[in-house]
Amino acid sequence: MKKVLQDLGFAEIENLIHSLGEKKFRAKQLYDGLTKGKNISDINVSPGLRSALLEEYEDEPVKIEKSFVSSDGTEKFLFALADGNLIEGVLMKYKYGYTQCVSTQVGCCMGCKFCASTLGGLVRNLTAGEILSQILTVNALHRGGGGEKRAVTNVVLMGSGEPLDNYENVVKFLKNVSSPDGINISPRNISLSTCGLVPKIYDLADEGIPVNLTVSLHQTTDEGRARTMPVAKKYKISEILKACSYYFEKTGRRYIFEYSLIAGENCDEICASELIKLLKGRPCHVNLIRLNEVEERGLKSAADKQAYKFLGLLEKGGLSATVRRSMGSDIGGACGQLRAGYLKNKD
């Protein structure tokens, strides 16, 4: 597999152009073309430069293999990588614009029982440019350019993979996607979801990139959490809360807890009371999620009535909380469902 040119920021592109003996203005031509989602072969540069680049870099590191449109307008994409691996992403339409959910790994090794991404384990990490190219490709599809003309306005790192398990590539992606030279999506419009890799939360807090930190909680006790999340055996809830407090101190950004409502598991009055005791007074928000059921996992989602009853209990107890709008469930909206189904049918 060749290298990915989209891994490089503008200054690195300038250095590359200089090393190839090309004129300085070629760097902006090349970088602008990449930012608009163009393949190297389609960018207006000299034939000699194009040929030199194609010898070393992938022409199209990420392409749309298949796409599906939900009845609610949500679009789901199966992306093919240059090495033949598959990842997926989702584009959600809101009044304020498009939010794109991107993957950070091919598969995942975290083993969360409510997620289809982990069914085949971790294949490999994505490079920073492969993560960015998911956005550039979808942005181009919707005729968005860089800057104010972009179609994608918000990004969530909640697709396949654990972002903090691919730390260096994800941090480079965050710097590149928020660069004023490129697509320029503000860190405040980017959310990063983690299952709770405590040391990396501290590292991220020290990076100076104030993205919205979202932590998968899903339970109020370590024992309960360990039933569905193997990572809970390594990091306790108390350690996660301490790391989140540090993140708030360093960034000033309120953190978010994801809480998937699993029938018979975590959404009765006792659980609500425990969650209130755990989080009340903290600068956080609770995002209640009606589970997108994964056939292989056997977990069932709480009914809508139960979800809103649970929400009412949290609000009455003084927590900031919402029930996440369910989107794309008719096209396999949960992480990893589309890829897992495609690979299963292919076999």
Checklist entry - Between T35 and L136, what is the shortest heavy-atom contact and its length? => result O-CD2, 3.3 Å
Item to check | Point-to-point distance, once rounded to the nearest 0.5 Å, from CZ of F77 to SG of C101 | outcome: 12.0 Å
Below 3.5 Å, can you tabulate the donor-acceptor pairs from side chains in residues 14-21 to any protein atom, sequence neighbours excluded?
residue, atom, partner, partner atom, Å
N15, ND2, A11, O, 3.4
S19, OG, L16, O, 2.6

Next on the checklist: Checking S41 against N39 for the side chain to side chain donor-acceptor pair (under 3.5 Å) test, could you report, in this order, the C-alpha distance in whole Å, the side-chain angles of both residues, the deciding distance, and whether it holds?
Outcome noted: CA-CA 5 Å; S41 58; N39 297 340; 4.7 Å; no
Checklist entry - Short question: side chain of N266, backbone of I262 - any donor-acceptor pair under 3.5 Å? => result yes
Checklist entry - Under 4.0 Å between a Lys/Arg side-chain N and an Asp/Glu carboxylate O for K172 and E12? => result yes
Next on the checklist: Looking at every heavy atom in both Y96 and N154, which two are closest together, and how far apart are they?
Outcome noted: CE1-OD1, 3.6 Å
Checklist entry - Is it the case that N44 and Q29 place a side-chain donor and acceptor less than 3.5 Å from each other? => result no
Checklist entry - Are H142 and E75 linked by a side-chain donor-acceptor pair shorter than 3.5 Å? => result yes
Checklist entry - Can we say R124 and D83 salt-bridge, meaning some charged N sits less than 4.0 Å from an Asp/Glu carboxylate O? => result yes
Next on the checklist: If you count every heavy atom of other residues, nucleotides or ligands that lies below 6.0 Å from K236 atom NZ, does the total exceed 12?
Outcome noted: no
Checklist entry - Which pairs pass side chain to side chain donor-acceptor pair (under 3.5 Å) with one or both residues in residues 186-198, sequence neighbours excluded? => result E162-T194, S193-E258
Checklist entry - With a 4.0 Å cut-off, would you call E88 and K76 a salt bridge? => result yes
Next on the checklist: Keeping N212 on the side-chain end and I190 on the backbone end, is there a donor-acceptor pair under 3.5 Å?
Outcome noted: yes
Checklist entry - Any chance the side chains of R290 and S260 put a donor and an acceptor closer than 3.5 Å? => result no
Item to check | Check ion pair K3-E56 (N to O, under 4.0 angstrom) | outcome: yes
Checklist entry - Is it true that a side-chain atom of S245 and a backbone atom of L241 form a donor plus acceptor pair closer than 3.5 Å? => result yes
Checklist entry - Any donor and acceptor pair, going by atom type alone, linking the side chain of R50 with main-chain N or O of V45 inside 3.5 Å? => result yes
Item to check | Side-chain donor-acceptor pair present, T322, H285, cut-off under 3.5 Å | outcome: yes
Checklist entry - Got a donor-acceptor contact below 3.5 angstrom from the N166 side chain to the Q105 backbone? => result no
Next on the checklist: If you count every heavy atom of other residues, nucleotides or ligands that lies below 6.0 Å from K280 atom NZ, does the total exceed 12?
Outcome noted: no
Checklist entry - Judged by modelled atom types alone, do Y57 and D7 share a side-chain donor-acceptor pair under 3.5 Å? => result no
Next on the checklist: If hydrophobic clusters are built by linking Ile, Leu, Val, Met, Phe, Trp and Tyr wherever their side-chain heavy atoms come under 4.5 Å apart, do I201 and L279 end up in the same one?
Outcome noted: yes
Checklist outcome for this item: Test side chain to side chain contact (heavy atoms under 4.5 Å, CB included), reference V170, set L126, V211, L164, L192, output is L192
Item to check | Audit row: Y167, N125, side chain to side chain donor-acceptor pair (under 3.5 Å) steps and yes/no | outcome: CA-CA 10 Å; Y167 186 81; N125 288 328; over 6 Å; no
Item to check | Between OH on residue Y94 and OG1 on residue T153, distance to nearest 0.5 Å | outcome: 10.5 Å
Next on the checklist: Would the distance check show the side chain of S70 and the main-chain N or O of G73 forming a donor-acceptor pair, the cut-off being under 3.5 Å?
Outcome noted: no
Checklist entry - Is there a salt bridge (charged side-chain N to carboxylate O under 4.0 Å, His left out) between K38 and D32 once you walk through the steps? => result CA-CA 9 Å; K38 292 183 178 181; D32 285 350; over 6 Å; no
Next on the checklist: Please report whether the ring centroid of F310 lies less than 6.0 Å from that of Y259.
Outcome noted: yes
Item to check | Donor-acceptor pair, side chain of T137 and main chain of S133, under 3.5 angstrom | outcome: yes
Checklist entry - Is the Y255-F257 ring centre distance short of 6.0 angstrom? => result yes
